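Worksheet for the structure shown next.
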Protein chains: 2
Amino acid sequence: MALEHAILVSLLERPGSGYELARRFERSIGRFWTATHQQIYRVLRRMEADGWVTAEEIGQDGRPDKRSFSVAGEGLAVLAEWLRAPVQAEAVRHELAVKIRGAAFTDDAGRAALIGEVERYRADHETLLSTYLNGEKRDFPDLDGRDAGQRLQHVVLRGGIAYERMLLDWLDDVLDTLRAL
Amino acid sequence: MALEHAILVSLLERPGSGYELARRFERSIGRFWTATHQQIYRVLRRMEADGWVTAEEIGQDGRPDKRSFSVAGEGLAVLAEWLRAPVQAEAVRHELAVKIRGAAFTDDAGRAALIGEVERYRADHETLLSTYLNGEKRDFPDLDGRDAGQRLQHVVLRGGIAYERMLLDWLDDVLDTLRAL
DNA sequence: TGGGAATATGCAATTAGTTGCACAGCAACG
DNA sequence: CGTTGCTGTGCAACTAATTGCATATTCCCA
């Protein structure tokens, strides 16, 4: 429904090929909107056919050629319209929360396994928080300054940081609760 | 991928019809795993065919009959296996974050509209936080006590509360940032 | 010169989920 | 007795997304 829009935003921040987009969707913007490279290529083709983006063949030394995409006027108009529309209620899918409630219906071994899983999950998110904090130091060193795009990317990153901190605290709560059962 | 599992957990907490499940998926467990009634009926049929759940016709006074589902032994085994498996990386789809980054590429009117949207979104989540807090007071009045299921449902709800609080703080940050552009 | 790794793009089959519609039972209200 | 509204179940068409596979270019290293 909105992969198109995420791609428009990413291409406006910096034009690039499908491959480059796929890499971004594993890193920066991908933290807030995930997609596989197959899905990205398919949507890009449709967007190009609809005139939202234009492609340019770029010959490269030392690596295969690529098709770099940029946002066309039509794409900018679509984005503006989408920005004005109400934020859709998000389809929440929080597997871990369901698993925790499911822990009431398994045995001790199952609960022990879940505790292990939560610990692993917690470690992953501790790493992710570090990544965010390093990225913040690297990309947004001065407190304000910069252009609008920088400040907006920064506030979104701050959201990611706040989320990860909240999550880590909650996971400690979860682990305490599971261990005390 | 895991709607089946969410249904199993919900039916173990309390057996019920497709309609009742659909209502729960708009409220309690639905905060962590959403689904429409059509999707629920379809999955229930498959789960019944696979022997994960069993149905019982229940005649009712003053309202239409219903088919109430309960988890069978096979379903319990499937759940136990799922609980032991690693937590899948979640497919994040945070539309608002993308819109905020997109705000760099629109005009003042577009940004003003987005500010209005963020305010509406914030109000909705303030309401949701109240709902959570009321639910907590109603369903989990004593600090510990109760059975494992109650304590696990409570810790998941605490996660929802922590999330909403974090979100509200962040939305204030977002509004400040958007207004200062 | 052969193999692995990164870059770069895509097809095909399938599954999951959404959207729109339909229809029946029953109650309450006017 | 007709309409509205909640309860209860479902079909059909479509879209979005996942999964598994395929393939070419180019570099680097053994």
Side-chain angles (χ1 to χ4, degrees), chain A residues 1-8 10-11 15-27 30 32-50 53 55-69 82 88-95 98, chain B residues 1-8 10-11 15-27 29-30 32-50 53 55-69 82 85 88-95 98:
Chain A
M1 199 56 177
L3 175 57
E4 287 86 342
H5 304 112
I7 288 175
L8 286 174
S10 193
L11 287 179
S17 67
Y19 185 79
E20 284 161 338
L21 278 173
R23 303 212 54 193
R24 291 181 212 169
F25 273 79
E26 286 168 5
R27 300 164 71 268
F32 312 103
W33 204 275
T34 52
T36 59
H37 70 97
Q38 293 95 327
Q39 184 71 2
I40 289 168
Y41 282 116
R42 177 134 27 96
V43 170
L44 272 175
R45 229 172 306 139
R46 186 169 66 230
M47 292 170 76
E48 191 186 5
D50 292 347
V53 297
E56 188 192 359
E57 299 282 343
I58 297 196
Q60 301 187 108
D61 292 349
R63 48 172 74 176
D65 298 351
K66 67 177 178 182
R67 300 188 71 221
S68 186
F69 291 91
W82 175 68
Q88 297 290 307
E90 343 232 314
V92 183
R93 300 274 148 85
H94 199 316
E95 192 187 9
V98 180
Chain B
M1 199 55 176
L3 175 56
E4 287 85 342
H5 304 111
I7 288 176
L8 286 173
S10 193
L11 287 179
S17 67
Y19 185 78
E20 285 161 338
L21 277 173
R23 302 213 56 193
R24 292 182 211 169
F25 274 79
E26 286 169 3
R27 302 164 71 267
I29 200 164
F32 312 104
W33 204 276
T34 51
T36 60
H37 71 97
Q38 293 95 328
Q39 183 73 2
I40 288 168
Y41 282 116
R42 178 136 24 100
V43 170
L44 272 175
R45 228 172 307 140
R46 186 169 67 230
M47 291 170 77
E48 193 188 2
D50 293 346
V53 296
E56 186 192 0
E57 299 283 343
I58 296 195
Q60 302 187 106
D61 291 348
R63 48 172 72 176
D65 298 350
K66 65 178 179 183
R67 300 187 73 219
S68 185
F69 291 91
W82 176 67
Q88 297 291 306
E90 342 233 314
V92 183
R93 300 274 148 82
H94 200 317
E95 191 187 12
V98 180

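Keep in mind the model is a prediction, meaning the values are calculated, not measured. Here is how names work: the chains are called A, B, and so on, in the same order as the sequence lines, proteins then strands, and each is numbered from 1.
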Are OP1 or OP2 of [N] and a side-chain N or O of [X] less than 4.0 angstrom apart?
X        : N       : value
Thr36(B) : dT19(C) : no
Arg23(B) : dT7(D)  : yes
Tyr41(B) : dT9(D)  : yes

Relative orientation of the end axes in the helix from dT1(C)-dA30(D) to dG30(C)-dC1(D), expressed as an angle to the nearest 10° (five pairs per end):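 The helix from dT1(C)-dA30(D) to dG30(C)-dC1(D) shows an end-to-end axis angle of 10°.
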Nearest-angstrom distance from the residue atom [atom1] of [X] to [atom2] of [N]:
X        : N       : atom1 : atom2 : result
Glu20(B) : dC6(D)  : CD    : P     : 17 Å
Trp33(A) : dA16(D) : CH2   : P     : 11 Å
Arg24(B) : dT7(D)  : CZ    : P     : 14 Å

Qualifying residue for side-chain hydrogen bond (donor to acceptor under 3.5 Å, both in side chains) with Lys66(B), from Glu56(B), Glu20(B), Glu57(B):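 Answer to the side-chain hydrogen bond (donor to acceptor under 3.5 Å, both in side chains) test with Lys66(B) among Glu56(B), Glu20(B), Glu57(B): Glu20(B).
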Non-hydrogen atoms of Trp33(B) and Phe25(B) that approach each other most closely: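 That would be O-CD2, 2.9 Å.
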Distance, nearest 0.5 Å, that separates CZ of Arg93(B) from CD of Gln88(A):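 Taking CZ in Arg93(B) and CD in Gln88(A), the distance rounds to 14.5 Å.
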Please tell me which of the listed nucleotides, [options], lies nearest to the side chain of [X]?
X        : options                  : answer
Tyr19(B) : dT9(C), dC6(D), dT18(C)  : dC6(D)
Arg42(A) : dA12(C), dA13(D), dT9(D) : dA12(C)
Arg67(B) : dA8(C), dT9(D), dG17(C)  : dT9(D)

Under the side chain to side chain donor-acceptor pair (under 3.5 Å) test, residues paired with Arg46(B) that sit two or more places apart: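 With sequence neighbours excluded, Arg46(B) shows a side chain to side chain donor-acceptor pair (under 3.5 Å) to Glu4(B), given in chain and number order.
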Whichever of Gln38(B) and Gln38(A) has its nearest DNA chain D nucleotide further upstream toward 5':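 It is Gln38(B), whose closest nucleotide lies nearer the 5' terminus.
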For Ser17(B) and Ala91(B), find the nucleotide of DNA chain D closest to each by heavy atoms; which residue's nucleotide sits nearer the 5' end?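 It is Ser17(B) whose nearest nucleotide is closer to the 5' end.
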So if I define the base as every atom that isn't primed, P, OP1 or OP2, how would nucleotides 23-30 of chain C read as a B/S/- string at a heavy-atom cutoff under 4.0 Å? --BSS---
Look at the side chain of Tyr41(B) and the backbone N and O of Tyr19(B), then say whether any donor-acceptor pair between them is shorter than 3.5 Å.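 Pair found, side chain donor or acceptor close to backbone of Tyr19(B).
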